[in-house]
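Working notes, structure below.
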Amino acid sequence: MGGEQSSAVSEAKLAVIPRSEHEISRDDISDNALKVLYRLHKAGYDAYLVGGGVRDLLLRQQPKDFDIATNATPEQVRKLFRNSRLVGRRFRLAHILFGRDIIEVATLRGHHDADGDKAKFAKQDKDGRLLRDNVYGSIDEDAERRDFTVNGLYYDISDYSVRDYFGGMADLKAKRLRLIGDPQTRYAEDPVRMIRAVRFATKLGFSLDKATAAPIPRMAKMLGDIPAARLFEETLKLLMSGKGLENFRMLRQYGLWEPMFPLQESLLKRDDSGKVTALIEAMLRNTDDRVNADKPVTPAFLYAALLWYVVEEKAAVKRQGGMAPYDALTAAAGDAISKQCKTISLPRRFTTPAMEIWQLQGRLDKRAGARAFKLHEHPRFRAAYDFLLLRAEAEQDPELLELSRWWTQFNDADEQGRRQMVRNVGHDGSRRRRRPRRRTPNRAQG
Ligand code: ATP
Ligand code: MG
C-alpha cells in the first residue's frame with residue numbers, strides 16, 4: 001500500500017490573488033453573509049468566505065450557501081450575534097439565523113497530532129478516522145484539513161483577496177478534483193470524502209485527479225463504518241440534487257454503491273433482464289428532471305424505487321411459502337427496510353409512504369365496481385400511479401403497460417368517461433380471471 005501517490009501529494013504554498021485578479025465581487029455574495037463577514041471583521045477578527053461558496057463564485061455558478069470561517073471561537077461568535085446558536089458535536093459551529101436563511105460560521109481548525117496538548121480535543125479511532133474535531137488553529141492549518149483543493153480557497157473580507165494554499169485556482173481552471181494531502185490518509189480519516197469526490201465531480205463536471213481516484217475502489221468498503229444517519233443525508237445530496245443518474249453510475253463504477261446499498265447491488269449484479277437497472281435509472285432520470293425544473297421530490301419515492309425489486313423478490317419467496325400476497329409484500333417490505341437501515345437509516349416519515357406505494361401496486365389492477373374511484377381518492381394514489389409508470393417503462397411488460405395506459409386515461413377522463421371505463425373492466429376478464437380458477441379443481445375432470 002502507499003507509495004503510488006508521487007507528485008500528487010499537495011504541499012502548502014500560499015498564493016494571494018488580489019481583488020483585481022479574480023472574479024468574485026461582493027454583489028455576488030448574499031447580504032446576510034456579507035453582514036456576518038463585516039461584523040466579525042469590525043470586531044477585530046479574521047473572517048473569510050470559504051468552501052463551496054468561493055468555489056462556485058469563481059466558476060460563475062450560483063452557490064447553494066455561504067460558509068464562513070473565522071478565528072473567533074464559537075462562543076465569541078455567539079456573543080457577537082444575538083441571532084445565533086451553537087450546534088454540532090463532531091464540528092462545533094455557530095449558526096447565525098436570518099429568518100429562514102442560516103449562515104454557518106466555523107472557527108478555523110487546527111492539527112490533530114497524536115502528541116501535544118491538542119490531542120485531547122481531536123479524537124481518532126483505530127483506523128485513523130476522526131471522531132471529534134474541535135481543535136482550533138490558524139488559517140493555513142484549516143486549509144490543510146479541507147477535502148479538495150477547490151474547496152480550500154478563502155475569500156478574505158479585509159482586502160477582498162483570495163487565499164489559495166494548495167493550487168485550488170489551477171485545479172479550478174483545469175476542471176480537476178484533487179484531494180489535499182495524501183489521499184489514502186484523507187479517506188481513512190473520513191471515508192465520506194470518497195462519495196464527496198463523486199458528488200463534486202458530477203456537480204462541477206470535473207475529472208478526478210489520478211491519485212485522488214486511485215485508492216477509492218479498495219477503500220470503498222470503509223463506508224460501511226459510517227454512521228447510518230450521516231449516510232442517509234449523503235444519499236439525498238447524491239441522488240436528489242439533479243445529478244442522481246450520473247452519481248449512481250459513477251458510484252457503482254468506483255465500488256461505492258455496494259457498501260451503501262448492499263441489497264440492491266446484489267440484485268444489480270444478476271440483473272439479467274435489465275429491469276432492476278432500468279427502474280433505478282428511470283427513477284433517477286425522472287428525479288433529475290424534476291429537481292432541475294424546481295419541482296418537489298421525496299426520499300419516499302426514491303427509496304420505494306431503490307428497494308422495489310428487493311421487496312418483490314422477498315415477497316415471492318414468502319408467497320411460495322403459502323403467505324397471502326398482501327401479507328407477503330408487507331412482511332418482505334419490513335424485512336428489506338430493516339436490512340437497508342443497517343447501512344443507511346431511513347426515517348419512518350419516508351418508509352411509511354414508501355410502504356404504501358408498494359402496497360398500492362397490488363391494488364392498481366383491481367378496478368371493478370367502486371374500487372377504481374376509491375383508489376383514485378387515496379392520498380398516495382398519485383405516487384403509486386407514477387410508480388406504476390416507472391415499472392411499466394422498466395419492464396416493458398404488456399400488462400403493466402396496458403394498466404398504466406388505463407390509469408392515465410382514467411385520470412384524464414370526466415366522471416361519465418370513468419364510469420364507462422370501469423364498466424368495461426368487467427368485460428375484459430381482468431376481474432373474473434381469478435374466480436373460475438378457484439372452482440376448477442372441483443369441476444374439471446369431475
Ligand atoms: P455544496 O455546494 O454541496 O454545499 P460545499 O463545498 O460547500 O459544497 P459542504 O458540505 O457545504 O460542501 O462543506 C463546506 C466546506 O467544508 C467544503 O467546501 C470543505 O472545504 C469542507 N468540508 C466539508 N466536508 C468535509 C470533509 N468531510 N472533509 C474535509 N473537509 C470538508
Ligand atoms: Mg456548502
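Indexing begins at 1, ligand by ligand and atom by atom, following the structure's order. Just so we're clear, the structure is a prediction, and the values are computed from it rather than from any experiment. Position 1 is the first residue of the sequence; numbering continues from there.
- A salt bridge is absent between Arg252 and Glu246; no separation between the charged side-chain nitrogens and carboxylate oxygens falls under 4.0 Å.
- Counting heavy atoms of neighbouring residues, nucleotides and ligands inside a 6.0 Å radius, atom NZ of Lys318 exceeds 12 of them.
- Within 6.0 Å of CG in Asp31 there are 12 or fewer heavy atoms belonging to other residues, nucleotides or ligands.
- Neither the backbone nor the side chain of Phe148 has any atom closer than 4.0 Å to an atom of ligand 1 (non-hydrogen atoms only).
- Of the protein's non-hydrogen atoms, Gly52 N, 3.1 Å is the one closest to atom 7 (O) of ligand 1.
- At the top of the distance list for atom 2 (O) of ligand 1, counting protein heavy atoms only, stands Lys203 NZ, 2.9 Å.
- Comparing heavy-atom distances from atom 22 (N) of ligand 1 across Arg55, Arg146, Arg196 singles out Arg196 as nearest.
- Residue contact check: Gly51 has heavy atoms under 4.0 Å from atoms 18 (O) of ligand 1.
- Of the candidates Asp190, Val50, Asp67, Ile180, it is Asp67 that places a heavy atom closest to atom 11 (O) of ligand 1.
- By the 4.0 Å N-to-carboxylate-O rule, Arg78 lies too far from Glu75 to be salt-bridged with it.
- For the residue pair Asn151 / Arg55, a side-chain donor-acceptor distance below 3.5 Å is found, with atom types taken as modelled.
- Residue, atom and distance of the protein heavy atom nearest to atom 28 (N) of ligand 1 are Arg193 NE, 2.8 Å.
- If you check which protein heavy atom lies closest to atom 4 (O) of ligand 1, you get Lys64 NZ, 3.2 Å.
- Salt bridge annotation for Arg178-Asp171: present, with a cationic side-chain nitrogen under 4.0 angstrom from a carboxylate oxygen.
- For Arg60, the salt bridge (Lys or Arg N to Asp or Glu O under 4.0 Å) partners two or more places apart in sequence, or in a different chain, are Glu23, Asp28.
- A side-chain N or O of Thr235 and one of Tyr303 form a donor-acceptor pair less than 3.5 Å apart.
- Listed by number with element, the atoms of ligand 1 under 4.0 angstrom from any heavy atom of Arg199 are 3 (O).
- Side chains of Glu258 and Gln264: a donor-acceptor N/O pair is absent below 3.5 angstrom, by distance only.
- Around atom 19 (C) of ligand 1, the closest heavy atom drawn from Asp142, Thr149, Asp147 belongs to Asp147.
- In this model, no donor atom of one side chain and acceptor atom of the other lie less than 3.5 Å apart for Tyr165 and Glu144.
- One side chain, Asp142 or Tyr154, offers a donor N or O that lies under 3.5 Å from an acceptor on the other.
- Here 1 is the count of protein N, O or S atoms positioned under 2.8 Å from the Mg ion (ligand 2), waters not counted.
- Remark: the Asp46 side chain and the His41 side chain contain no N/O donor-acceptor pair separated by less than 3.5 Å.
- Those atoms of ligand 1 with a heavy atom of Arg145 less than 4.0 angstrom away are 29 (C), 30 (N).
- Residue Asp65 touches ligand 1 through its side chain alone, judged by heavy-atom distances below 4.0 Å.
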